[in-house]
4 protein chains.
Amino acid sequence: MTAASTPKGERRRQALVAAAAGLLAEGGFEAVRHRAVAERAGLPLASTTYYFSSLDDLISAAVEHDGRQELAAGRARLDELADQPRGTDAVIELLLDLLLGVASRDGGAEPVLLRYERLVGSPRRPYLAPLMRQMSAELQELLAEIFERSGMRVSRERLLELIALVDGAVVNALIESDPDPRSAARRMLAAQLG
Amino acid sequence: MTAASTPKGERRRQALVAAAAGLLAEGGFEAVRHRAVAERAGLPLASTTYYFSSLDDLISAAVEHDGRQELAAGRARLDELADQPRGTDAVIELLLDLLLGVASRDGGAEPVLLRYERLVGSPRRPYLAPLMRQMSAELQELLAEIFERSGMRVSRERLLELIALVDGAVVNALIESDPDPRSAARRMLAAQLG
Amino acid sequence: MTAASTPKGERRRQALVAAAAGLLAEGGFEAVRHRAVAERAGLPLASTTYYFSSLDDLISAAVEHDGRQELAAGRARLDELADQPRGTDAVIELLLDLLLGVASRDGGAEPVLLRYERLVGSPRRPYLAPLMRQMSAELQELLAEIFERSGMRVSRERLLELIALVDGAVVNALIESDPDPRSAARRMLAAQLG
Amino acid sequence: MTAASTPKGERRRQALVAAAAGLLAEGGFEAVRHRAVAERAGLPLASTTYYFSSLDDLISAAVEHDGRQELAAGRARLDELADQPRGTDAVIELLLDLLLGVASRDGGAEPVLLRYERLVGSPRRPYLAPLMRQMSAELQELLAEIFERSGMRVSRERLLELIALVDGAVVNALIESDPDPRSAARRMLAAQLG
DNA sequence: TATGAATGAGTCTTCATTCAT
DNA sequence: GATGAATGAAGACTCATTCAT
């Protein structure tokens, strides 16, 4: 179905989701408000409650939107590789690209924050958990593929360990005065894989 | 100075901090509101702004209160050990007790959530970062002491790695349908230390 | 469009403006508060922020409302004159009616106060200045018409001088123990025009 | 009595008055708040209510302080003249200096605002009126002296007229987009005296 | 199918004033 | 004589949600 043939309602819904996802990425959960979403989408305020039965609904959609986008970006990143990554360093950078996003290369807490806000925000927003689990599993598949391509044999447990290492490094780096979470994660991966 | 001789003003201030810290632990940052704090402390609404120049101020105090309490509990946990921990398993449990709190033994996301909400909440509340760094450093000292006592030689880098491993495991476990973050962390520590 | 057919929303908006304008006239800028306006209009508090994006917005509307009303009253006063005003005294009274309002005939500071509060309040409320300039210009047109009708030739500069004379007389009369600003202005006009 | 021998209480009172007067000049009546005054004076909040039975009391004192200071400046301005002012222009500038303050030479509404805020603010603050009358009378004496010195014979009525002209010109100039009230007043005085 | 209108509850914060010490 | 402590009332403004059309 082309964009042109997408029903108007669906298109508006998507516009709201995209607006909410943008707000979520920029300002965290607090920033996702009916008013703000409607304004960003250029749609009437009431359309937010018309298309989404509650704010939580809208937040779910936003979380999924952001997550799917990241997954797609990860997939694309993987596909653009002509052949297998050579060497540990290439594997590490690939892991970081997929886990933290390519934007994390620039340093700073902001580009990576969304991933951890969603994770840590889930217990207080139980409706997010199933969604997060699903997307987490898909991300793991992608990460597993990195090792497959590189020829490195890595068990599922080992993969989870490496993910944890990255996530823990990042979470702890978030409070640094000049945070560079990607570098922190890289250091730890290098120590483990090197 | 005994409790009885604590000046009244300081006692009220502490009551507000304790109330805010409780709300923070139970409901996250969003739950710390002037009204809620005042009600929980049984004090007038205006007392919250009398003792704290802004809500951020109060939040800072609450974060510090919770953090100091955890540190004190960790210190106490360490001191109650008659001699050195015997065996890897004991070391692991000790690590988990100090990092996640003894309450984490019961399972569930709630007991460990506060640690990660504070970490992940810091980038959007920059005034927390220095405080968090200070308390993080103190916690690392405590954790280092575990290894010293056990006779295991562990470098600072290695310690940070282990912390990251725990934190990453926890953060990823938060989205499980029946989260048991402590167990997840334990598994990873066992794999690394075992 | 009759009152009955005025859309409800517009009617409510007008009710708020009228309430604000009344408060402004009776109590000055300080008296225009969300609460007071809503109560006077018999509408919910939140309606004030629904119809006006800020208090300044509401104050602007109130200032314009009062100003337009005065201008309309001046216009009406002029139109009720069958023919030209005869004699200097009639011209003077007409000038005073338009500048200070017919209510000023009764003496007292209150009836004239609003004009000067708006003028003097503008520098600290810059958003009022354009509005005030516009209404000032329209008032000058009305005043010019008085002289045209009376057959007296008065240049624009001379008109501004006479306005200044009245305003200055009034402003200084405001501190008298039993203020009669209209009389003070009349005396000065008589001396200049007599 | 020298400053050193001024009783401490009186000195503090004066500090509060000076602080209030400064706030009044900078921010108008609204800016005179207990907290702001105390902070500016570097004194405890409660000292404001200890030395002044109410905020109105403090405002009165501030109004008087500012007024006396202006009068003193006017007196000084007059005394610094070696001989009589020569020519109408010199007289006009002198009038403007005394009425609007020498700061008005720089243009802008701010330097002259205080005079008109006090005048127009008096009807809603009746306790100010007697004070304002007294200071107004003293100012008139000063202005009369200008004409005496210059050799120009000007009746009391004429003087009041000239004052009104200046005040009216200023008040109307306050709403200009780039207000230069002194110039507006100068023009009118020149037309009348030239 | 949409949406403009509407609002009760709540947000943080300010303030004049009182009072015990 | 002086002031730290305290607070009820009010300030402007936001928000999720409902509802009539």
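Chain A is the first sequence line, chain B the second, and so forth, proteins listed ahead of strands; every chain is numbered from 1.
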* side chain to side chain contact (heavy atoms under 4.5 Å, CB included) evaluation trace for Leu114(B) with Glu70(B) -> CA-CA 11 Å; Leu114(B) 185 50; Glu70(B) 290 161 16; 3.9 Å; yes

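Regarding Leu43(A), its CG atom lies at a distance of 10 Å from the P atom of dG4(E), rounded to whole Å. For Asp56(A) and dA16(F), the CG to C1' distance is 11 Å, given to the nearest whole Å. Rounded to an integer number of Å, the gap from CG of Leu23(A) to C1' of dA16(F) is 16 Å. Here dA9(E) presents its P atom at 14 Å from CD of Glu39(B), a figure rounded to the nearest Å. Following rounding to the nearest Å, Leu45(A) (CG) and dC19(F) (P) show an atom-to-atom distance of 16 Å. Taking atom CD of Glu10(C) as the reference point, atom C1' of dA5(E) lies 13 Å away to the nearest angstrom. Taking atom CG of Asp57(C) as the reference point, atom C1' of dT14(F) lies 16 Å away to the nearest angstrom.
Contact annotation for Arg13(B): no contact, since no heavy-atom pair falls under 4.0 Å across all strands.
Between the side chain of Ser54(B) and the backbone N or O of Asp57(B) there is at least one donor-acceptor pair closer than 3.5 Å. Side-chain atoms of Arg133(A) come within 3.5 Å of backbone N or O of Ile175(B) as a donor-acceptor pair.
Salt-bridge formation is not detected for the pair Arg124(B)/Glu30(A): no Lys NZ or Arg NE/NH1/NH2 atom is positioned less than 4.0 Å from an Asp or Glu carboxylate oxygen. A salt bridge is absent between Glu64(A) and Arg118(A): the closest approach of a Lys/Arg side-chain nitrogen to an acidic carboxylate oxygen does not fall below 4.0 angstrom. Using a 4.0 Å cut-off between charged side-chain N and carboxylate O, Glu26(B) and Arg40(B) make a salt bridge.
Contact check of residues 48-55 of chain A against DNA chain F (heavy atom, cut-off under 4.0 Å) returns Thr49(A), Ser54(A), Leu55(A). Against DNA chain E, the stretch residues 30-38 of chain D makes heavy-atom approaches under 4.0 Å through Arg33(D), His34(D), Arg35(D).
Between Phe52(C) and Arg13(C), some side-chain heavy-atom pair lies under the 4.5 Å cut-off. A 4.5 Å side-chain heavy-atom check between Asp56(D) and Arg125(D) finds every atom pair outside the cut-off. With a 4.5 Å cut-off on side-chain heavy atoms, Leu128(D) and Phe29(D) count as touching. Side-chain contact between Thr48(D) and Leu45(D): present, with at least one pair of heavy atoms (C-beta onward) separated by less than 4.5 Å.
Residues Ala46(A) and Ala46(C) each lie close to DNA chain F; by heavy-atom proximity, the contact nearer the 5' end of the strand is made by Ala46(C).
Atom CD of Gln14(B) sits in a crowded spot, with more than 12 heavy atoms from other residues, nucleotides or ligands closer than 6.0 Å.
Listed by first residue number, the stems of DNA chain E with at least three Watson-Crick or G-U pairs below 3.5 Å are E:2-21 with F:2-21.
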